[in-house]
Engineer: 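I have a structure here, written as structure tokens, and I will follow up with some questions on it.
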2 protein chains.
Amino acid sequence: MGKVTIKDVAQEAGVSKATVSYVLSGSDLIAEKTAQKVRAAAAKLGYSVNHAARMLATDRTNTIGVFAPPHRAGYFSLSLGGYLYSLSDAAREAGYDTMLFTDGNGVEALRKAVGTKRIDGAVLMEVSEGDERLEAVRRLGLPSVTLGMSEPDSGVDAVDTDFESAARVLVRNLASHGHRDVLLVGWPEWMYAKGVNYAVRFREAAEAEARRHGMALTVVCARNEALGSARELSAALHEHPDATAMIVHNDAVMMGMNQTLRELGVDVPGDLSVEVVVPDQMGVGMRVPYTGVDIDLDAVAERAVDVLKRRIARPDRPVVRELVQQPLADLGSVRSL
Amino acid sequence: MGKVTIKDVAQEAGVSKATVSYVLSGSDLIAEKTAQKVRAAAAKLGYSVNHAARMLATDRTNTIGVFAPPHRAGYFSLSLGGYLYSLSDAAREAGYDTMLFTDGNGVEALRKAVGTKRIDGAVLMEVSEGDERLEAVRRLGLPSVTLGMSEPDSGVDAVDTDFESAARVLVRNLASHGHRDVLLVGWPEWMYAKGVNYAVRFREAAEAEARRHGMALTVVCARNEALGSARELSAALHEHPDATAMIVHNDAVMMGMNQTLRELGVDVPGDLSVEVVVPDQMGVGMRVPYTGVDIDLDAVAERAVDVLKRRIARPDRPVVRELVQQPLADLGSVRSL
DNA sequence: CTGAAAGCGCTTACAG
DNA sequence: CTGAAAGCGCTTACAG
């Protein structure tokens, strides 16, 4: 039961509460023999530390807040759920509990969480340009890390997949196979306009790398974020009959793509070479049969939590900006011209 | 700053800590005039209650734990993320914070959360037959509600969409339009075998209702949970050329279906009438153009949190089992024969 | 190496 | 109607 306290353990072990506390928090100040008695007593009584009491005494919550992106109706992010799992898993492994915040107003949620001392730090999911949460965590002095890169001068740690590198790798791979006319199927226009970070970073790096290789890269924006974009896909292919390859950076488009291409009678890679950027979990679930960069959500989340943990430990250390490299998996959907 | 305590507020207002506490917790024992002074002082100082201290004093956490289903690689549940949002939103509105638990071993996670007094209650997502978490919450005395129906004698509150009713409505609708040979495209076999609750309930109710109408209902199990099942879908249609209608109860199949049907040259509803069961959020995002039952995740989550809240308030009240009705939306994909 | 004691910031009978 | 005081279960200097 939850009724057993440190006092009971102390009595059972014949020592003081202080000694129990030291042993249980892993201090090595206590003689091993005593420590053993204490551990035995704790085990026998089924003791668990009362977290509220510990929080009050230490002013630490051992909890991180995950601030999810606002819940946009109609925008069904496929990576989101995966990231929530990965973050929670990584947090647990790092010794933290995870509190989930889905408030439309992230700033207000942050303010309240800090005011009531609910969390030691925050993961800010899906930052975008001018994200008000950045200013908020700075003002609140809340150790935080963004999932996605904030602007360099944000003053907040950032971790994300290295989308620039992914873009370069993908473009270079196509170039080396002789492709000179390539389509980049991306996100809806508004996401670039709003400056949604991964979208912009990938696109700009791809364009730069394409220029470097003398490759014509045409960006096609999906007209909405959902599956309907299959129609856009086919339109894009018709409008660009000379394209020999296509890079898809859009989960939702990905989902219907296999069927769409077959429907259109497009043979991959015979008629068209295809590369994708896709969260690994989606790849497994959907048996994505294309060469591309698999984004390992667990790895990104693990790095984010680690960076956050260090920030919590050393609030004044220099700002960290970490890009996680993701490997290119060759599934044979690119052919040489 | 978080540094201002009840003591500061008391000083500022010229009253005792007790009085401040009473005012802030909404007790009406305090004269309105005093209360106003206190509130003004609290506002002026920017006071927020220290949650750890309150938890320790009251033995309540004002936090609910959401115990997510195990993270199955390759199983990409589309409703899952939506439910996490909806639950967190509903919890916040009910005055709770939300702690997210994704441990593979839910029982262990429950034990720890209760032992360390982290939560007042739990939402158990995706219960299935013989779910060990049910026994665990009973033993731990943890107020809980399942999202999805547990067995009737589980002793744990349950809330879910009324899938039986949804199945009956859908079958009845087809029957009234003269359909006598219908396909039910469901979940992978193993989900029925494992007794995954909503899958079984929908299927059995549909079968029963079909019998009642003298309708031949053939269940087609998707061979995997992901988009690949488009292939199964077309196979099923070929094997059952006499079927005049199809009910799809499988998010993943849904996603590719639009394309698949076009690819197969199947006109809806000319050649085939189609009904679906789909989370409303997916419907919006993916513009699902089929008649069917839209599952309102927010509504289900709101009910679940409400039931849990009452259970926390009255641990000994009779077990509640609540089914949320979801309306049939007619989008014209069923024709009369 | 161990224990007595103060303190974390609240809440809540209990007196008045 | 308000305040003094005990108590929630820990942690952590500080003495010894």
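All chains are named by letter (A, B, ...) in the order of the sequence lines, taking the proteins before the strands, and each is independently numbered beginning at 1.
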Engineer: Assuming nearest nucleotide by heavy-atom distance, tell me which of A/A57 and B/V15 is located more 5' along DNA chain D.
Structural biologist: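 In this pair, the answer is B/V15.
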Engineer: Under 4.5 Å between any side-chain heavy atoms of A/V66 and B/L100, yes or no?
Structural biologist: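 No. Closest side-chain heavy atoms not under 4.5 Å.
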Engineer: Which nucleotide, C/dT11, D/dG3, C/dC1, lies nearest any side-chain atom of A/T34?
Structural biologist: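 Of the options given, the side chain of A/T34 lies nearest C/dC1.
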Engineer: At less than 4.0 Å, is any side-chain N or O atom of A/Y47 found next to OP1 or OP2 of D/dC10? Yes or no.
Structural biologist: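 So the side chain of A/Y47 is within the cut-off, an N or O lying under 4.0 Å from OP1 or OP2 of D/dC10.
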Engineer: Go through C/dG3, D/dC10, C/dT12 for me and flag the one nearest to the B/T58 side chain.
Structural biologist: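 Taking heavy atoms from C-beta onward, the closest nucleotide is C/dT12.
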Engineer: Please report, rounded to the nearest Å, how far the C1' atom of D/dT11 is from the CG atom of A/N50.
Structural biologist: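 The distance from CG of A/N50 to C1' of D/dT11 comes to 13 Å, rounded to the nearest Å.
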Engineer: Without decimals, in angstroms, what is the distance between A/R60 CZ and D/dT11 C1'?
Structural biologist: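 Atom CZ in A/R60 sits about 13 Å away from atom C1' in D/dT11.
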Engineer: Mind calculating the distance between CE (A/M55) and P (C/dC10) to the nearest angstrom?
Structural biologist: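 Rounded to whole Å, this separation is 12 Å.
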Engineer: Can you measure A/K117 atom NZ to C/dC8 atom C1' for me and round it to whole angstrom units?
Structural biologist: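 Whole-Å distance recorded here is 10 Å.
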Engineer: Show the nearest heavy-atom pair for residues A/A91 and A/I64, with the distance to one decimal.
Structural biologist: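 It is CB-CD1, 3.6 Å.
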Engineer: Would you indicate what A/K17 reaches in the nucleic acid, counting non-hydrogen atoms under 4.0 angstrom: base, sugar-phosphate, or nothing?
Structural biologist: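 If one applies the 4.0 Å heavy-atom cut-off, A/K17 turns out to touch a base.
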Engineer: Hey, which of these two, B/G14 or A/T19, hits DNA chain D nearer its 5' end, going by closest nucleotide?
Structural biologist: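 Residue closer to the 5' terminus by nearest nucleotide: B/G14.
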Engineer: Between A/E126 and A/R133, does any side-chain N to carboxylate O distance fall below 4.0 Å?
Structural biologist: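 No salt bridge links A/E126 with A/R133.
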Engineer: Nearest whole angstrom, please: distance from the P of C/dT12 to the CG of B/L24.
Structural biologist: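 Going from B/L24 (CG) to C/dT12 (P), I get 13 Å.
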Engineer: Within this structure, what is the CZ-to-P distance between A/R118 and C/dC10, rounded to whole angstrom?
Structural biologist: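 Computing the A/R118:CZ to C/dC10:P distance gives 14 Å.
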Engineer: Out of D/dG9, D/dA4, C/dC10, which nucleotide sits closest to the side chain of B/A18?
Structural biologist: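 Comparing D/dG9, D/dA4, C/dC10 against the side chain of B/A18, the answer is D/dA4.
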Engineer: Can we say A/K309 and A/D306 salt-bridge, meaning some charged N sits less than 4.0 Å from an Asp/Glu carboxylate O?
Structural biologist: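 Here A/K309 does not pair with A/D306 in a salt bridge, since their nearest N and O are not under 4.0 Å apart.
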Engineer: Within the 4.0 Å heavy-atom criterion, would you say B/S21 contacts the bases, only the backbone, or no part of the nucleic acid?
Structural biologist: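 Base, at least one base atom sits under 4.0 Å.
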Engineer: Establish, with yes or no, whether the OP1 or OP2 oxygen of D/dG3 is under 4.0 angstrom from a side-chain nitrogen or oxygen of B/S16.
Structural biologist: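 Yes, B/S16 has a side-chain N/O under 4.0 Å of OP1/OP2 on D/dG3.
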Engineer: Give the rounded distance in Å between these two atoms: CD of B/E32 and P of D/dT2.
Structural biologist: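 Result: 11 Å.
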Engineer: I need the CG-C1' distance between A/D59 and C/dC8, as an integer number of Å.
Structural biologist: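 Taking atom C1' of C/dC8 as the reference, CG of A/D59 is at 8 Å.
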Engineer: With the side chain counted from C-beta on, respond yes when A/T5 and A/D8 share a heavy-atom pair under 4.5 Å apart, and no when they do not.
Structural biologist: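 A side-chain contact under 4.5 Å exists here.
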Engineer: Sort out the partner of D/dG16 for me: Watson-Crick or G-U wobble, both distances under 3.5 Å, none otherwise.
Structural biologist: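 By the stated definition (distances under 3.5 Å), C/dC1 pairs with D/dG16.
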